[in-house]
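The structure appears right after this line, and notes come after that.
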Amino acid sequence: MSTILKRSVPLAITFMTVIILILTFFFNLGPFGETLDKTLIAFATILASAALGLGIINTTKTHVIRIAKREKGQWIYSVALIAALLFMVGVGLLYGAASYEYSLLFDATVGPFKATLMAMFIVWVTPAFVRITRIKNINSMALITAMFLTVIGQSPIGTMFGPVFANISGWLNTVLNMGVQRGFKITIALGLIVMTVRIILGKERSYLRKEVTG
Amino acid sequence: MIIVEGRIIDFVVLLFISIVTVYMMSIADRWTPKIRKIAGIEVIPELIGRATELGRPVHFSTGRGPGLSQTETGPQVLAGLTVFSHVARLCARNGIKLIVSVGQPDTLPLLEEYIKEAYRLENVPIPDITDTLRYHSTEQFSYTSAVTGLMRRERPAANIFIGPTWAEAPQLIISAAQVGAMQLFGTARPALLSWVSAFSDYTLIGEEVYAGGAVISQDRDILNTIATQDVGKFLAIAIILLGVILAMFGSTLIKDLMVI
Amino acid sequence: MTGNQRGIWDKYRQYIIIGVMYLFYVYPIVQPFSTGIAIGEKAQNLYDLVESLPDGANILMVYDYSAMAFPIMQGIQEAFLEHIWRKDGNVVMISFSPDGPMMYKKLLGTYVQGFSKKEYGKDWVFLGYLPGGETGLTSFMKDIRGTISSDFEGDPIDTIPIMENINLGTDFDFVFDFETGVTMADGFVRQVASVYGIKLAFAMSGGQMMEPYYPDLVQALVYPLPGRAAEYETLIGVPGNATSQLAIIFVGNLFILIVLLGGAISQIYKRLSK
């Protein structure tokens, strides 16, 4: 297949898909439009599921290579990973994801593991948080004041002083914070629209392999 | 064919922005906007240079999670890939080791291609891909613990992260800082911007991520689309101001217009 | 402060901070205490919203969080189920997070008193994990049967009584998404509230990001958890898991406030003494 064809076909598919989805979203195209819309979105959902499988394949490939090369200090962990992966997948296939056995395995390993990592996150971040709470200039003073008022307003401590801190925290949230969030969302949405137009027109091709983008 | 009720104004806005984008791209040969210096992009050669001097690797990531398939994350990942091509070329040119942490399976083939292309263009032997590209996981703290461990072992001198990020961002930044890495962190997800700004040396905030990709590509068409975003912003500001003024006089015209 | 003492602080600062933090968090476990609960606007809003739903309403309840967030989510989810089942709500549960099915199973195990009074298939159903994020959600809302053919146990949807009259997203009266990290929240606003006008609520940690949509597109926004969850439990009259965590939230917030105040005071003292 020539390079031009390798480039043109994906770009054409992208163009058609985006245009169809835009048209079906904004216009009443009847049952045909609805079917087309649902089909394309179903394709996307299927692709997302396939991406999960791709992740597993790549993980396995990476770690099997590491084991084969006996990478110093690493390969033994790769053995543990592959063994855990195969065991978990095996239990899931044998007993089903809805089974007691699978839940038991999850609750005994994945759940505590994630909770531990979350706790580690707090341990990592807390000293860094302490470091940033130093007043160096007017900006940092404003930051710390806002942090203080927000925390006290949204915590049970604030209720000890009546509604004053809750009201201040609420104002910071619903006026200052909301304004900033709205600004971000508008600018990010604009960036998204512009990028979509670039993708439709074929100017944004970073999702294609380099050999076909030229 | 009639427009679905409640989406008319959405369609009008989309059409307007699209027309302005196409117009801007069509005049690219005559006019290009002057883009202010984006510190996060300007600093990339400095980061790579520092890594070269110290003889330590460069770490790059486009984040983890849904990747290209999601509305919010896809464009950020695409922008990250554009920056990555630039970083990969600089690393190839300077002969410095590049390590890429991959948390999105659909970006793996693309990253591999970008690496091969970069090293080919610099006439440098292509490095071992399995050593360069390290797929961790899409799972938040699995990815985080893998990257944290990687930081400890490889001790990169530069850490560049351009893409969607969630709660793992502070830990990633701190773990890189602890090994002495200088960092550029860019994300268009507002949720973590405060953390990123507080902890990272350099940041790309919000649409700077998209603009950064355009600046690096130096493609005039794409650079002109940044001006489109500014047109959109002016339009939004005008509508907001008009709405506020009218609301002060008790009119809900703009509010009603927005839901047509 | 002598030079030696400054050296110890600089050398062991990280450990001292973590150690003090642990002492704060251990205290309410060793010496439990209760704190007052003042009902805030956000919790009241959620309560009023659920109260306004008709009896027998169709609810979509979404598990969008991972295993580490279960302790935060447990309280609000149990309280919500308690509340909605008082009104005989039909709860269709789904997950867009891979951990969702396991979180559902955990909730089955912890909220026995609620689930045991209801019948699976009639009062609630769990449709499992649907990949694709916002794309999956879009597909689900457009055509439920076209997207999912069976529930988590593998039974065809057509054989499940609760799903008899639920074919499209518009058949839901209310969507309640439980998540951390603002992963799917914007997607729900785009694909549920904006497109179908369905009442939407979030229980999440990063709720500040969704403030621009509140209260027009998002009618209830409950954060931070579990503080607001405890308020909601108080409103429905069933203090539960979230209320029991208030003491820990209290000391955690107290620690943060002391750090903030301590940092500020020490900086001001340094400047004044120069």
Side-chain angles (χ1 to χ4, degrees), chain A residues 25 34 37-38 41-42 44-49 51-52 96-98 102-103 106-107 110-119 122-123 126-127 129-136 141 144-145 147-148 151-152 154-160 162-163 166 170 173-174 177-179 181-182 184-185, chain C residues 13-14 17-18 21 35-38 40-41 66-71 98-99 101-102 105-106 128-133 135-136 138-139 142-143 146-147 152-154 186 195 208-212 214 224 227 230 246-247 249-250 252-254 256-257 259-264 266-268 271:
Chain A
F25 182 79
E34 275 178 37
D37 183 43
K38 282 180 195 170
I41 290 173
T45 312
I46 293 165
L47 282 172
S49 311
L52 285 175
Y102 192 84
S103 299
F106 185 94
D107 288 342
V110 180
F113 167 69
K114 286 191 173 182
T116 306
L117 286 175
M118 184 67 173
I122 303 299
V123 170
T126 302
F129 164 75
V130 170
R131 272 203 298 278
I132 66 167
T133 57
R134 286 181 189 163
I135 301 175
K136 286 174 257 198
M141 184 182 273
I144 290 161
T145 309
M147 281 161 75
F148 183 87
V151 170
I152 201 172
Q154 296 196 358
S155 74
I157 300 169
T159 59
M160 287 162 41
N173 214 8
T174 56
N177 169 64
M178 180 142 66
Q181 292 301 323
R182 281 203 167 124
F184 269 130
K185 287 190 190 294
Chain C
R13 175 171 45 201
Q14 188 166 341
I17 292 168
I18 301 296
M21 190 178 75
T35 66
I37 298 178
E41 181 221 339
S66 67
M68 63 198 167
F70 184 79
D99 284 4
M102 295 300 110
K105 299 218 86 173
K106 269 181 99 80
Y129 164 57
L130 180 62
T135 314
T138 310
S139 181
K142 282 181 191 286
D143 182 4
T147 309
F152 185 53
E153 306 286 339
D186 284 296
V195 173
Q208 298 90 326
M209 311 305 141
M210 306 313 291
E211 280 285 352
Y214 175 79
L246 273 184
I249 301 300
F250 184 95
N253 286 335
L254 188 63
I256 293 172
L257 290 170
V259 164
L260 287 171
L261 273 175
S266 75
Q267 287 293 304
I268 292 167
R271 279 171 198 267

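The chains referred to below are lettered A, B, ... by the order of the sequence lines, with proteins before strands, and numbering in each begins at 1. For clarity, every value in this text was computed on a predicted model and none was experimentally measured.
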In the structure I gave you, are the side-chain heavy atoms of A:N173 and C:E211 within less than 4.5 Å of one another anywhere?
yes
How many angstroms lie between CZ in A:F106 and NZ in C:K106, if you round to the nearest 0.5 Å?
8.0 Å
By side chain to side chain donor-acceptor pair (under 3.5 Å), C:Y129 pairs with (sequence neighbours left out) none
C:L257 CG to A:I152 CD1 distance, which is reported to the nearest 0.5 Å
5.5 Å
Could you look at C:K142 and say if it's the side chain, the backbone, both or neither that has a heavy atom under 4.5 Å from chain A?
both
Does the side chain of C:Y214 reach to within under 4.5 Å of the side chain of A:T174, using non-hydrogen atoms?
no
Under 4.5 Å heavy-atom distance to chain A, tell me which part of C:M21 shows up: side chain, backbone, both or neither.
side chain
Find out whether A:M160 and C:F250 are in side-chain contact, i.e. whether some heavy atom of one side chain is under 4.5 Å from a heavy atom of the other.
yes
Could you look at A:A119 and say if it's the side chain, the backbone, both or neither that has a heavy atom under 4.5 Å from chain C?
neither
Can you tell me if C:D143 uses its side chain to pair, donor with acceptor, with the backbone of A:K38 under 3.5 Å?
no
Please look at A:A44 and chain C and tell me whether the side chain, the backbone, both or neither of the residue comes under 4.5 angstrom of a heavy atom of that chain.
both
For C:L254, which atoms come within 4.5 Å of any heavy atom of chain A: side chain, backbone, both, or neither?
both
Restricting to side chain to side chain donor-acceptor pair (under 3.5 Å), what partner residues turn up for A:K185, sequence neighbours left out?
C:D186
Just give me the residue among C:D99, C:T138, C:I256, C:T147 that pairs up with chain A most often, heavy atom to heavy atom, under 4.5 Å.
C:D99
At a heavy-atom distance under 4.5 Å, which candidate from C:M209, C:M210, C:R13 has the highest pair count against chain A?
C:M209
I'd like to verify something: which residue of C:L246, C:I37, C:L261 has the highest number of heavy-atom pairs under 4.5 Å with chain A?
C:L261
Could you tell me which non-hydrogen atom of A:G111 sits nearest to which non-hydrogen atom of C:A67, and how far apart they are?
CA-CB, 3.8 Å
Tell me which of these, C:A247, C:G36, C:A264, has more heavy-atom pairs under 4.5 Å with chain A than the rest.
C:A264
Please give me the minimum heavy-atom distance between C:P131 and A:T45, naming the atom from each residue.
O-CG2, 3.4 Å
Residue among C:P101, C:G132, C:P224, C:A38 with most heavy-atom pairs under 4.5 Å to chain A:
C:P224
Any side-chain heavy atom of C:M102 sitting closer than 4.5 Å to one from A:V110?
no
Ignoring hydrogens, what is the shortest heavy-atom contact between A:K114 and C:M68? Give both atom names and the distance.
O-CB, 3.7 Å
Examine whether an atom of C:T135 lies under 4.5 Å from a heavy atom of chain A, and if so say whether it belongs to the side chain, the backbone or both; otherwise answer neither.
both
Heavy-atom proximity to chain C below 4.5 Å, by part of A:F25
side chain
